Novice: 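Would you mind keeping the following structure in view while I ask a few things?
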Amino acid sequence: MEAIINGRRMHYLERGRGDVLVLVHGFPLDATLWLDQLEALADLRRVVAVDLRGCGGSEAVTGAGLAMELLASDLDHLADHLGAERIDLAGLSMGGYVALAFAELFGHRLRSLALLNTKAIGDDEEAKASRDFLAQTAVGSGRALLGAEMHASLLGPGASITARARLRTMVERTPYETLLACLIGMRDRSDRTHVLGSLAVPTLVVTGAEDSLAPEETAREMAEAIPHGDLVVIPGVGHLTPIEAPEAVSTALRSHLVRVDGVRRGDPPPR
Ligand code: MLT
């Protein structure tokens, strides 16, 4: 599906009907990260997996930094386009940075939030320098080198050949301008730790036990800082849980959405 969002052509994948769940991918990925979850959750929600600006089938960008606030504003306009006053929102890694920016700027539109393999803190000086190094490497030497770096940090050691194939496809079809724009946007993003304590909606935090970018300890601290936070740690997998452990992620999101619906109905909390 395609729509003009904030004056740009946005591509997204859609399954199911009813209340809208928006899925936001990480870097350097696209909406196909969520193919399994699109199918698995379509009986519960109208599931919409977006291609962020410059990613997948969405309109190209120039390479100037993509601010997380701008990407969040795209989601706000997408919700308008979909006719959804409120949305369930799930973001992985960079998608989580966008989801936290959305929560801060457009929190009144949230029905629930899921933060997968992500963190609330901003980049320190070392992380900023490594963004610049990665940008130089990608643009200077090509995506093959970037791919090798990313494969090592994004996937757990036991990742299946299917997960590896899916990651390679996503990395290889992401334009250099997008790689650059996302790296600058992530480098310059704000610390959003303060947002966690103000989240007023049911929020799920998910990570993989082998995730070195968003480790279990970070996920636990986030979940504890969120008033209605739940934590799921998926054993044996790394950073890209939706493709490394598709069923476990779908199950975690399903339980979360069922809980959200229970809260809406006023059911007593589970013991
Ligand atoms: C991602 O998966 O979106 C990125 O690895 C996030 C990051 O580099 O901070």
Side-chain angles (χ1 to χ4, degrees), residues 1 12-26 31-50 72 75-76 78-93 95-103 106-118 120 195-196 198-208 214 219-220 222-234 237 240-271:
M1 309 282 284
Y12 57 93
L13 303 172
E14 181 176 341
R15 302 278 190 285
R17 302 168 63 173
D19 290 336
V20 171
L21 163 66
V22 176
L23 303 173
V24 189
H25 60 80
T32 65
L33 176 77
W34 303 106
L35 285 178
D36 297 280
Q37 290 71 40
L38 274 162
E39 299 299 337
L41 301 171
D43 61 324
L44 274 183
R45 289 290 188 274
R46 181 180 177 193
V47 192
V48 173
V50 298
L75 299 185
D76 176 51
L78 176 68
D80 288 344
H81 170 77
L82 298 171
E85 211 170 298
R86 299 178 77 198
I87 58 170
D88 301 290
L89 180 60
L92 177 131
S93 200
Y97 309 155
V98 176
L100 281 173
F102 186 93
F106 310 105
H108 59 283
R109 297 199 84 155
L110 275 182
R111 182 167 44 238
S112 75
L113 187 62
L115 300 167
L116 294 91
N117 306 86
T118 194
V195 176
L196 300 176
S198 70
L199 290 171
V201 293
T203 301
L204 173 68
V205 178
V206 176
T207 202
R220 193 170 300 283
M222 282 172 64
E224 283 170 4
I226 298 168
H228 307 277
D230 272 349
L231 173 68
V232 171
V233 179
I234 304 175
V237 297
L240 296 189
T241 50
I243 60 173
E244 289 187 70
E247 279 179 28
V249 169
S250 298
T251 301
L253 288 173
R254 170 173 289 279
S255 309
H256 165 65
L257 294 170
V258 166
R259 174 176 163 235
V260 171
D261 292 343
V263 170
R264 280 201 287 174
R265 276 201 314 271
D267 291 353
R271 286 163 180 261

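Just so it is clear, the structure is predicted and the values come from calculations on it, not from any experiment. As a basis for the values below, the full set of heavy atoms in this structure was taken, side chains included, without hydrogen atoms, waters or symmetry mates.
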Novice: Under the 3.5 angstrom rule, does the side chain of R254 hit a backbone N or O of A40 as a donor-acceptor pair?
Specialist: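 Yes; at least one donor-acceptor contact below 3.5 Å.
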Novice: Go through T251 and V249 one step at a time and tell me if the side chain to side chain contact (heavy atoms under 4.5 Å, CB included) criterion holds.
Specialist: CA-CA 5 Å; T251 301; V249 169; over 6 Å; no
Novice: Looking at CD1 of I243 and OG1 of T32, how far apart are the two atoms once the value is rounded to the nearest 0.5 Å?
Specialist: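 I243 CD1 to T32 OG1: 8.0 Å, rounded to 0.5 Å.
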Novice: Which heavy atom in R111 sits nearest to a heavy atom in V20, and how many Å separate them?
Specialist: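 Closest approach of R111 to V20, heavy atoms only: NH2-O, 3.2 Å.
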Novice: Are I226 and V205 close enough, and set up right, to give a side chain to side chain contact (heavy atoms under 4.5 Å, CB included), and what steps lead you there?
Specialist: CA-CA 9 Å; I226 298 168; V205 178; 3.9 Å; yes
Novice: So L240 and L92, side chain to side chain contact (heavy atoms under 4.5 Å, CB included) or not? Walk me through it.
Specialist: CA-CA 8 Å; L240 296 189; L92 177 131; 3.9 Å; yes
Novice: Within a reach of under 6.0 Å around CZ of R17, are more than 12 heavy atoms found that belong to other residues, nucleotides or ligands?
Specialist: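 Counting other residues, nucleotides and ligands, CZ of R17 stays at 12 neighbours or fewer.
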Novice: Of all heavy-atom pairs between Y12 and H81, which one has the smallest distance, and what is that distance?
Specialist: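 Looks like OH-NE2, 3.3 Å.
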Novice: Measuring from L204:CG to L116:CG, what's the distance to the nearest 0.5 Å?
Specialist: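 Interatomic distance, L204 CG to L116 CG, rounded to 0.5 Å: 6.5 Å.
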Novice: Sub-3.5 Å donor-acceptor pair from the side chain of T203 to the main-chain atoms of V201, do we have one?
Specialist: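 Checking the backbone N and O of V201 against the side chain of T203, a donor-acceptor pair under 3.5 Å is found.
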Novice: Just so I know, are the side chains of D261 and R45 near enough to count as touching, which here means a heavy-atom distance under 4.5 Å?
Specialist: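 They are in side-chain contact.
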Novice: Taking T207 for the side chain and A214 for the main chain, is one N or O donor matched with an acceptor at less than 3.5 Å?
Specialist: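 Yes, T207 side chain to A214 backbone: donor-acceptor pair under 3.5 Å.
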Novice: Drop me the distance from L89's CG to F106's CZ, to the nearest 0.5 angstrom.
Specialist: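 Between atom CG of L89 and atom CZ of F106 there are 11.5 Å.
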Novice: Any Lys/Arg nitrogen of R15 or D43 sitting under 4.0 Å from an Asp/Glu carboxylate oxygen of the other?
Specialist: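 No.
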Novice: Would you say the side-chain atoms of T118 pair up with the backbone N or O of L115, donor to acceptor, closer than 3.5 Å?
Specialist: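 No.
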Novice: For the residue pair A49 and A31, what are the closest heavy atoms and their distance?
Specialist: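 For A49 versus A31, the nearest heavy atoms are O-CB, 3.4 Å.
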Novice: Less than 4.5 Å apart, any side-chain heavy atom of V98 and any of L75?
Specialist: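 Yes, side chains in contact.
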Novice: With heavy-atom distances below 4.5 Å as the criterion, would you say the side chains of V260 and V258 are in contact?
Specialist: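 No, every pair of side-chain atoms sits at 4.5 Å or beyond.
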Novice: Short question: side chain of R46, backbone of G16 - any donor-acceptor pair under 3.5 Å?
Specialist: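 Here the side-chain-to-backbone pair does not exist.
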Novice: Which pair of non-hydrogen atoms, one from W34 and one from A90, has the smallest distance, and what is that distance?
Specialist: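 Heavy atoms of W34 and A90 come nearest at CZ2-O, 4.3 Å.
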Novice: Are R259 and D230 close enough for a salt bridge, meaning some N to O gap below 4.0 Å?
Specialist: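 Counted as a salt bridge, because a side-chain N and a carboxylate O are separated by less than 4.0 Å.
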Novice: Quick check: do I87 and L21 have side-chain heavy atoms less than 4.5 Å from each other?
Specialist: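 SC-SC contact between I87 and L21 ruled out.
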Novice: Check D80 with R109, please: is the shortest side-chain N to carboxylate O separation under 4.0 Å?
Specialist: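 A salt bridge links R109 with D80.
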Novice: Could you tell me which non-hydrogen atom of G26 sits nearest to which non-hydrogen atom of L33, and how far apart they are?
Specialist: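 The answer is N-CD2, 4.3 Å.
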Novice: Can you check whether V48 reaches L13 side chain to side chain, under 4.5 Å on heavy atoms?
Specialist: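 A side-chain contact is absent here, since even the closest heavy-atom pair is not under 4.5 Å.
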Novice: For the residue pair N117 / S93, report whether a side-chain donor-acceptor contact shorter than 3.5 Å exists.
Specialist: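 Side chains of S93 and N117: no pair found under 3.5 Å.
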Novice: Does L253 reach the side chain of L41, with side-chain heavy atoms less than 4.5 Å apart?
Specialist: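 Yes - at least one pair of side-chain heavy atoms lies under 4.5 Å apart.
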Novice: Start with the C-alpha distance between Q37 and E247, add both sets of side-chain angles, then the distance that settles side chain to side chain contact (heavy atoms under 4.5 Å, CB included), and finish with yes or no.
Specialist: CA-CA 8 Å; Q37 290 71 40; E247 279 179 28; over 6 Å; no
Novice: Do L100 and L196 have side chains that approach each other closer than 4.5 Å (heavy atoms only, starting at C-beta)?
Specialist: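 Yes - at least one pair of side-chain heavy atoms lies under 4.5 Å apart.
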